[in-house]
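First comes the structure, then the notes that go with it.
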Amino acid sequence: MICFTLKCAKGHDFDSWFGSGAAFDSLKAAGRLTCAVCGITDVDKAVMAPRVSSGRDEHPLSGPASTAEQALAEVRKRIEAQTENVGTNFATEARKIHDGDAPLRPIMGEAKWQDAKELLEDGIPIAPLPWGGSTRKTN
């Protein structure tokens with residue numbers, strides 16, 4: 001596996017892992033690379049300096065997150081602070097709120113694909129979160 005820093009034509013920088021340099025070339029040639037920030041397909045490798053370990057404890061994961069990662073973290077923080085996490089009861093609770101059988105409030109949680117599809121088909125507005133509605137804590 002190799003991590004490349006990529007840059008889109010609009011100037012967004014982001015990192016992505018590939019099985020090899022050839023895998024990157026193959027995906028690029030097929031038009032299957034997209035910017036993680038804006039979604040355009042005009043993506044190329046950014047200029048990168050090789051990292052050589054000096055043998056000291058370097059803490060490679062302690063650097064600042066990209067602008068996109070920082071923005072997503074802020075959105076997540078706001079949503080989690082302003083919603084009730086109902087866990088795996090999401091579909092049932094969303095339907096109760098819609099039907100007036102539970103108090104109106106913002107909720108988040110987990111739903112099976114079929115349950116989410118049925119909610120949408122019944123006109124109950126829901127949206128997926130880019131990090132999922134899991135009650136698990138992540139780093």
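Fair warning: this is a prediction, and the values are worked out from it, not measured in the lab.
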Shortest non-hydrogen contact between P130 and L72, atoms and distance: CG-CD1, 3.6 Å
With a 4.5 Å limit on heavy-atom distance, are the side chains of [X] and [Y] in contact?
X	Y	answer
H98	E93	no
R105	E84	yes
F90	N85	no
I107	T83	no
I79	L129	yes
E80	M108	yes

Side-chain donor-acceptor pairs of residues 13-41 under 3.5 Å, sequence neighbours excluded:
| residue | atom | partner | partner atom | Å |
| --- | --- | --- | --- | --- |
| D15 | OD1 | T5 | OG1 | 2.8 |
| S20 | OG | A22 | N | 3.3 |
| S20 | OG | A23 | N | 3.0 |
| K28 | NZ | V43 | O | 2.8 |

With side chain to side chain contact (heavy atoms under 4.5 Å, CB included) as the criterion, how do D44 and K7 come out once you've worked through the C-alpha distance, each side chain's angles and the decisive distance to 0.1 Å? CA-CA 6 Å; D44 236 322; K7 188 170 197 157; over 6 Å; no
Taking the basic N atoms (NZ, or NE/NH1/NH2) and the acidic carboxylate oxygens, is any pair closer than 4.0 Å for D122 and R95? yes
How would you list, by chain and number, every residue that makes a side chain to side chain donor-acceptor pair (under 3.5 Å) with E74, sequence neighbours excluded? R78
Using 0.5 Å steps for rounding, measure from the NZ atom of K96 to the CD1 atom of I124.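 So the NZ of K96 and the CD1 of I124 are separated by 13.0 Å.
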How long is the span from the NE2 atom in H12 to the CG atom in L6, to the nearest 0.5 Å?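 If we round to the nearest 0.5 Å, H12:NE2 and L6:CG are 13.5 Å apart.
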